[in-house]
Each structure stands twice: as structure tokens, then as C-alpha cells.
Asker: 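Below are the C-alpha cells for one structure; questions will follow.
All ligand and atom numbering here is 1-based and tracks the order in the structure. Residue numbers start at 1 and run along the sequence shown.
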Amino acid sequence: MLMSSKLPGIGTSIFTVISALAQEHNAINLGQGFPDYPTSEHLMDLVNKYMRQGYNQYAPMPGVMRLRERIAEKIEGMYGINVDPDREITITSGASEALFSAIACLIRPGDEVIIFEPAYDLYRPAVEIFGGVVKTYELLAPDFQVNWNYLKRMMSSKTRLIIINNPHNPSGKVFKESDLLELEKFLDSSHDLFIVSDEAYEHLIFDGLEHQSVLRYPRLRERAFAAFSFGKTFHNTGWKIGYCIAPPALTKEFRKVHQFNVFSVNTPMQHAFAAFLEDPIEYLGLSTFFTHKRDLFLDIIEKSRFTPLACEGTYFQTCLYDRISDEKDIDLCRRLTTDLGVAAIPFSAFYTNGTNQNIIRFCFAKKDETLERAGELLLKA
Ligand code: PMP
Ligand code: GLN
């Protein structure tokens, strides 16, 4: 029997494809976004400690309370905002599950959802699987600037959700206060409009810029599900733990999905993160840590024929390659991986229409020596 697909256009993600190619050709993988250095020893010891102490059964459905309390303190310390750990924070299986469960509890067949492209690959299929209709706003290099008047023209009585991602993967662009204030205006005119704010790269922000979380804007916060990722923050993308923050009424709906999606999340790791978060240096030092890596990579690239675009946040550096070749970005990425030994992600993969702008994306969350070795190879391109 053949099964008719709910997602007929969806294949294997570009991250999986490029990582497999990199492995096959023994290439340095600057494609998929994950660190090649270890997560903190102390954090691993804490996980071990809590496992040995017997924290190995189901966690409470919304998450371990002491972790939710530490998250609330972190948010208060960073943004001066009070979040209720009991009614507004849910621990999720990565930012991915936070995004998916938020979309699941919001979207009904026929609802319209506005997505900015280039976009992280999860949003569109998650909307479509629940019968939502994606309206795409294409942002283009080099500045990926949103024209908020144009966005207004995309809105209709069916618009249920706008998804934003700040800092933005893959462009590295960061929304400023003025962007959030513009977004806030949309909530005045519509009573049935919500925001999903993907803030997985909350701490990876450079050059003195401040992260403009939706949580800082009262009118946005009232209507927003904000998704965060410990994997990005604490260099352990394989642990898949994150959280969703939303007002009590939205969290109530969110948890109805969350409890039947994953029910609850890895218990000893939640206790370990709770203990680890007691020292803010663990996340406050991230901007300096990644600024060094970005700048090291930029120094290397400067000597090559790649032209870097601005990277204000995330751990991705995008580069134009028009001085190297006029082939499609996917072809160049394959060739760099197989012939030169460095893997990168083609930027066109983040557009539904495959818009090609001769840009590829490198991940600089790597050991300095990895970046230096990759740099030597990239000089040959
Ligand atoms: N959003 C964006 C923009 C991402 O790049 C990623 C990839 N890490 C995620 C969400 C998913 O995060 P997690 O690994 O915590 O599920
Ligand atoms: N967020 C990662 C990236 O953009 C990939 C995560 C994944 O492979 N799903 O590279």
C-alpha cells in the first residue's frame, strides 16, 4: 500500500546531506551548526552526579521546577523582566520542539503564517503539517532589511502567526529595537495574531549589540511563544534541551501539545542545567568567546577570494563567492567538500524558491585549529 504524503515536497535536510558528504570525503565540516570542541567538563560531571543520585525517571511534564526557576532568574538578570516559572516556562526537547509544539497548538487548516526567508528549515513543514498556508517574505543580501510596510500588505484576515528568528540563521542579522517596535504595531490591529520568536542564538550576539527578545516588549510578549536552546548556549547540540516562554494562557495550550508530543524531557540533564545556570559567567561570556572565533575566521577569509557579509549574531559567517566562480551555491559547496576538503551550506537552501545569490554559509563554532586548517584550504578556492 502506498501512503500519500503529508509533506510531499520535503526531502532530507541540507544539514544532513552536507554532513554526510563531509564525512564521506573526510572534509572539515563547517556546514551543519555544531561545535567540534567539548561541552563543559563541569556540566558533564553534574549530569553524571544527578544520574548517580537516581534522577533517572520521568521529569514533571512542564520541566524540573528548579531549572525553570533558574531560567526565570537568568531572564530577570538579563532583561529585568519577571517570568513566572510555574505558568510561563516549559522545558522542551530543544528549541525545535518548542517551535513545533507552539506551531501545533496555534495552526488550524487554512490559517496563514508569515515566514521570512532565508529561513530555518523547520518552520514551513511544521506549519504545513497542520494545514497552515505559508506566506513567504523573501529578504535579500546584503542587508536582509525588513520593509514593514510591505509586510503589512501581506497580512489578511486569515493571518494567524508571524515567525521571527533573532539573531537570524543563516544571515547572521540581528533585529534592532526599531524592528521590534514595528512588529509590535501589527498586534494593535489584529486580535487573532500571534508571534513565534525563535531565539535559539540569544547569547550569540556581537559588537555591543543587545539581544531584543520579544519578552522585552510587553505587547509582543502577550502574544508570543519564545523558543530557546541550551544546545546552542552550552555547546551540546546533541543533548536537545531548550525551553518555551509564553504567557499563562498560551502556555496552557502549549503544554496540551507538549505533553502528548514528548511528555517530559531528560531528567538528569535538567537538574544539571539548573546547577550550571547558577553561575551567569557560563552564558555571559559567550559573546566574547564567539567574537574571537568570528574574528579569527574573518582574518583567514580576508586573504581568500571569498567576500564576507556582516555577521552581527549566531555562529554563522556568510560569504559571497562571485570572485571565485559563477556556479550554483550547491555545486560549489559539493565541490569544496569533495575537492578541497571543507564543507559549507549553500545559502539558497534556506529559500523555498532556491534563490541563488552566490552565497555560502560557514559555521565558526569550531576549535581555533580547525578554523585555521580550514582557512588554509579555503585560500586555494
Ligand atoms: N532554530 C534555529 C534558527 C536553529 O538554527 C536551530 C538549530 N540548532 C534550532 C532552532 C533548533 O535548536 P535545537 O537544536 O535546540 O532544537
Ligand atoms: N541549526 C543547525 C544549522 O543551521 C542545524 C540543525 C539540524 O541539523 N537540524 O546548521
Asker: If you draw the axis of the six-membered ring of Phe316, does the NZ or CZ of Arg361 fall within 45° of it and under 6.0 Å from the ring centre?
Answerer: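 Positive - Arg361 is close enough to the ring of Phe316 and near enough to its axis.
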Asker: Once you round to the nearest 0.5 Å, how far does CG of Leu215 lie from CD1 of Ile245?
Answerer: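 Result: 5.0 Å between the selected atoms.
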Asker: For Asp279, does the CG atom have more than 12 heavy-atom neighbours from other residues, nucleotides or ligands under 6.0 Å away?
Answerer: yes
Asker: What residue and heavy atom of the protein are closest to atom 1 (N) of ligand 1, and at what distance?
Answerer: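 Minimum-distance protein heavy atom for atom 1 (N) of ligand 1 reads Asp198 OD2, 2.5 Å.
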Asker: Heavy-atom count check: over 12 atoms from other residues, nucleotides or ligands less than 6.0 Å from Lys252 NZ?
Answerer: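 12 or below, so no.
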Asker: Using distance alone, determine whether Gly33 and ligand 2 share an N or O pair under 3.5 Å.
Answerer: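 Checking ligand 2 against Gly33, an N or O pair does fall under 3.5 Å apart.
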Asker: Phe228 near ligand 1, heavy-atom distance under 4.0 Å?
Answerer: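 No heavy atom of Phe228 comes that close to ligand 1.
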Asker: Could you tell me the residue and atom name of the protein heavy atom closest to atom 8 (O) of ligand 2, and the distance to it rounded to 0.1 Å?
Answerer: Gln32 NE2, 2.7 Å
Asker: Would you say Ser229 and ligand 1 have an N/O pair spaced under 3.5 Å apart?
Answerer: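 Indeed, backbone or side chain, Ser229 has an N or O that close.
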Asker: Between Tyr123 and ligand 1, is there a nitrogen or oxygen pair with a distance under 3.5 Å?
Answerer: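 N/O-N/O distance below 3.5 Å does not exist for this pair.
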Asker: Short list, please: which atoms of ligand 1 are under 4.0 Å from a heavy atom of Asn165?
Answerer: 3 (C)
Asker: From the options Ile163, Ile164, Ile162, Thr136, select the one residue that forms a side chain to side chain contact (heavy atoms under 4.5 Å, CB included) with Ile114.
Answerer: Ile162
Asker: Are Phe306 and Tyr321 close enough that their ring centers fall under 6.0 Å?
Answerer: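 Not close enough - the centres of the two rings lie 6.0 Å or further apart.
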Asker: Using heavy-atom distances, let me know which of Ile18, Ile14, Asn169, Leu122 sits nearest atom 4 (O) of ligand 2.
Answerer: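 That would be Asn169.
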Asker: For Tyr120, counting its heavy atoms only, list the atoms of ligand 2 lying under 4.0 Å from any of them.
Answerer: 1 (N), 4 (O), 6 (C), 7 (C), 9 (N)
Asker: For ligand 1, find out whether one of its N or O atoms is nearer than 3.5 Å to an N or O atom of Thr237.
Answerer: no
Asker: Purely on distance, is any nitrogen or oxygen of Gly231 under 3.5 Å from one on ligand 1?
Answerer: no
Asker: Please state which part of Lys240 comes within less than 4.0 Å of ligand 1, counting heavy atoms only: side chain, backbone, both or neither.
Answerer: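 Within the 4.0 Å criterion, Lys240 contacts ligand 1 through side-chain atoms alone.
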Asker: Are there over 12 heavy-atom neighbours, none belonging to Gln57, within less than 6.0 Å of that residue's CD?
Answerer: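 Counting neighbours around CD of Gln57, 12 or fewer heavy atoms of other residues, nucleotides or ligands fall under 6.0 Å, so no.
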Asker: Apply the test side-chain hydrogen bond (donor to acceptor under 3.5 Å, both in side chains) to residues Asn166 and Ser197: give CA-CA distance (whole Å), side-chain angles for both, the deciding distance (0.1 Å), then the verdict.
Answerer: CA-CA 7 Å; Asn166 178 38; Ser197 181; over 6 Å; no
Asker: Of the side chain and backbone of Leu122, name the one, both, or neither that has a heavy atom under 4.0 Å from an atom of ligand 1.
Answerer: neither
Asker: One pair to check against side-chain hydrogen bond (donor to acceptor under 3.5 Å, both in side chains): Lys366 and Tyr315. What are the steps and the verdict?
Answerer: CA-CA 9 Å; Lys366 306 291 165 187; Tyr315 47 43; over 6 Å; no
Asker: Between Asn169 and ligand 1, does any nitrogen or oxygen pair lie at a separation below 3.5 Å?
Answerer: yes
Asker: Please identify which atoms of ligand 1 are closer than 4.0 Å to at least one heavy atom of Gly94.
Answerer: 15 (O), 16 (O)
Asker: List ligand 1 atoms under 4.0 Å from Lys232, heavy atoms only on the residue side.
Answerer: 7 (C), 8 (N)
Asker: Please report the closest heavy-atom contact between Phe276 and Leu46, naming both atoms and the distance.
Answerer: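 Taking Phe276 first and Leu46 second, the nearest heavy atoms are N-CD1, 4.0 Å.
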Asker: Output the list of atoms in ligand 2 that are nearer than 4.0 Å to some heavy atom of Tyr201, sorted by atom number.
Answerer: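 Once the distances to Tyr201 are compared, the set is 1 (N).
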Asker: Examine the proximity of ligand 1 to Tyr201 and report which part, side chain or backbone, both or neither, has a heavy atom under 4.0 Å away.
Answerer: side chain
Asker: Looking at Phe316, which atoms of ligand 2 are within less than 4.0 Å of one of its heavy atoms?
Answerer: 3 (C), 4 (O), 10 (O)
Asker: Tell me, which protein residue and heavy-atom name are nearest atom 11 (C) of ligand 1, and how many Å apart are they?
Answerer: Ser96 OG, 3.3 Å
Asker: Do other residues, nucleotides or ligands put more than 12 heavy atoms under 6.0 Å from the CD atom of Gln259?
Answerer: yes
Asker: Is the number of heavy atoms from other residues, nucleotides or ligands within 6.0 Å of CD (Glu138) greater than 12?
Answerer: yes
Asker: Run the numbers for me: atoms of ligand 2, each under 4.0 Å from some heavy atom of Lys232, listed by number.
Answerer: 1 (N), 2 (C)
Asker: Between Asp207 and Arg294, does any NZ, NE, NH1 or NH2 come within less than 4.0 Å of an OD or OE carboxylate oxygen?
Answerer: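 Looking at Asp207 together with Arg294, the answer is yes, because their closest N to O distance falls below 4.0 Å.
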